[in-house]
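The figures here come from the full heavy-atom set of this structure, side chains too, leaving out hydrogens, waters and symmetry mates. The shown structure was predicted, so the numbers you read here are calculated from the model rather than taken from an experiment.
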Amino acid sequence: MTNLNKIKVVVLGSPRVGKSAVTVRYLTKRYIGEYSSTSDFLYRHNVTFDNVTTEVEILDTSKCAKTGCLYEHLRWGDAFVVVYSICDRNSFADASEYLLQLSKLKLPSYYTTLLLGNKRDLDHSRQITVNDGHELSFHYSCQFYEVSAAENYAGVSLAFQSLLREARSAQLLRALPIRRKLGVNSVSKALGNIFGKNNNNKGDRKKRPSLSI
């Protein structure tokens with residue numbers, strides 16, 4: 001049963017792409033550049049949309065997300081932040097693999113995803129273009145933002161808020177009684193019409209939220 005009072009977010013990505021940095025930046029506005037955690041860390045805070053407060057749990061995953069823990073993480077979460085470094089092509093390949101595993105495990109109407117390119121401030125070392133990020137997000141019909149956790153709180157905050165708003169809207173839609181009549185596929189199509197997740201309409205896909213800041 002959908003819990004309309006809680007959104008569970010999983011932050012995924014290769015080591016050293018800034019998963020903890022973007023998470024802490026969003027939660028505290030502070031930037032901490034060095035993390036050496038070898039275990040997952042769970043944060044809790046509240047967000048308010050349209051005068052309704054929702055508890056948010058954010059699971060900052062460690063390297064175990066690349067091993068046996070990944071399946072449990074994907075099953076647990078309602079929303080996913082897939083982080084890569086714009087300076088590391090291997091991390092971009094890992095991000096693509098995470099998105100692929102999500103698409104295999106979960107029905108489209110049961111999760112929301114944000115592809116987040118980090119380290120925008122290191123543009124001189126860029127290996128992944130903005131267009132690369134856009135194309136990957138188009139392929140998996142997810143939101144895409146490119147940010148710098150080191151330099152800009154606003155971009156990180158906007159990206160997380162956009163993901164949480166979509167996750168909240170998806171929860172509300174799934175809770176509607178009409179779902180029993182429409183079935184999962186129709187609900188997924190309805191979500192696509194709202195958020196641009198209709199893979200058969202390229203024009204709609206290009207309306208997915210995206211930002212490089």
TODO: Can you sort out the partners of Tyr43 under ring-ring contact (aromatic ring centres under 6.0 Å, His included), two or more places apart, ordered by chain and number?
DONE: Phe41
Task: Criterion side chain to side chain contact (heavy atoms under 4.5 Å, CB included) on Leu70 and Thr61, from CA distance to verdict - done: CA-CA 9 Å; Leu70 179 59; Thr61 63; over 6 Å; no
TODO: Determine yes or no for a side-chain-to-main-chain donor-acceptor pair under 3.5 angstrom, with Thr28 supplying the side chain and Val24 the backbone.
DONE: yes
- [ ] Calculate, to the nearest 0.5 Å, the distance between atoms CH2 and CG belonging to Trp76 and Asp40 respectively.
- [x] 9.5 Å
TODO: Give the ring-plane orientation class for Phe144 versus Tyr84, where under 30° counts as parallel, over 60° as perpendicular and anything between as tilted.
DONE: parallel
Task: Partners passing side-chain hydrogen bond (donor to acceptor under 3.5 Å, both in side chains) against Asn118 (at least two apart in sequence or in another chain) - done: none
TODO: With rounding to the nearest 0.5 Å, note down the distance linking OG1 in Thr23 to CG in Leu59.
DONE: 9.5 Å
Open item on the list: Once ring-ring contact (aromatic ring centres under 6.0 Å, His included) is applied, do any residues pair with Tyr31, and if so which ones, sequence neighbours excluded?
Closed with: none
- [ ] Kindly write out the residues that satisfy side-chain contact (heavy atoms from CB on, under 4.5 Å) with Asn46, not counting sequence neighbours, or none if the list is empty.
- [x] Thr53, Glu55
Open item on the list: Could you check whether Gln143 and Ser162, counting side-chain N and O atoms only, form a donor-acceptor pair closer than 3.5 Å?
Closed with: yes
Open item on the list: If the condition is salt bridge (Lys or Arg N to Asp or Glu O under 4.0 Å), which residues does Asp121 pass it with, not counting sequence neighbours?
Closed with: none
Open item on the list: Checking Arg44 now: which residues fulfil side-chain hydrogen bond (donor to acceptor under 3.5 Å, both in side chains) with it, not counting sequence neighbours?
Closed with: Glu57
Task: Set of side-chain contact (heavy atoms from CB on, under 4.5 Å) partners for Asp88, sequence neighbours left out - done: Ser85, Asn90, Ser91
Open item on the list: Taking Leu74's backbone N and O only, do any of them form a donor-acceptor pair with Lys106's side chain (distance below 3.5 Å, no angle check)?
Closed with: yes
Task: Leu99 vs His139, side chain to side chain contact (heavy atoms under 4.5 Å, CB included): CA-CA, chis, key distance, verdict - done: CA-CA 10 Å; Leu99 293 174; His139 183 75; over 6 Å; no
Open item on the list: Looking only at side-chain N and O atoms, does Asp94 offer a donor or acceptor that is under 3.5 Å from a partner on Ser14?
Closed with: yes
- [ ] Look at the side chain of Lys119 and the backbone N and O of Gly18, then say whether any donor-acceptor pair between them is shorter than 3.5 Å.
- [x] no
Task: By side-chain contact (heavy atoms from CB on, under 4.5 Å) - contacts of Leu100 (at least two apart) - done: Glu97, Ser103, Lys104, Tyr140
Open item on the list: Using modelled atom types and a 3.5 Å cut-off, is there a donor and acceptor pairing between side-chain atoms of Gln101 and backbone atoms of Tyr71?
Closed with: no
- [ ] Hey, could you give me the CG/CZ distance between Leu115 and Phe138, rounded to the nearest 0.5 Å?
- [x] 11.5 Å
TODO: Check ring-ring contact (aromatic ring centres under 6.0 Å, His included) between Phe160 and all other residues, then give those that pass, not counting sequence neighbours.
DONE: Tyr26
Task: Nearest atoms (heavy-atom pairs only) where Lys6 meets Thr54 - done: N-CG2, 3.7 Å
TODO: Name all residues meeting the side-chain contact (heavy atoms from CB on, under 4.5 Å) criterion together with Arg89; count only those two or more places apart in sequence or in a different chain, and write none if there are none.
DONE: Gln127, Ile128, Asp132
Task: Flag, side chain of Asp78 to backbone of Lys8, donor-acceptor distance under 3.5 Å - done: yes
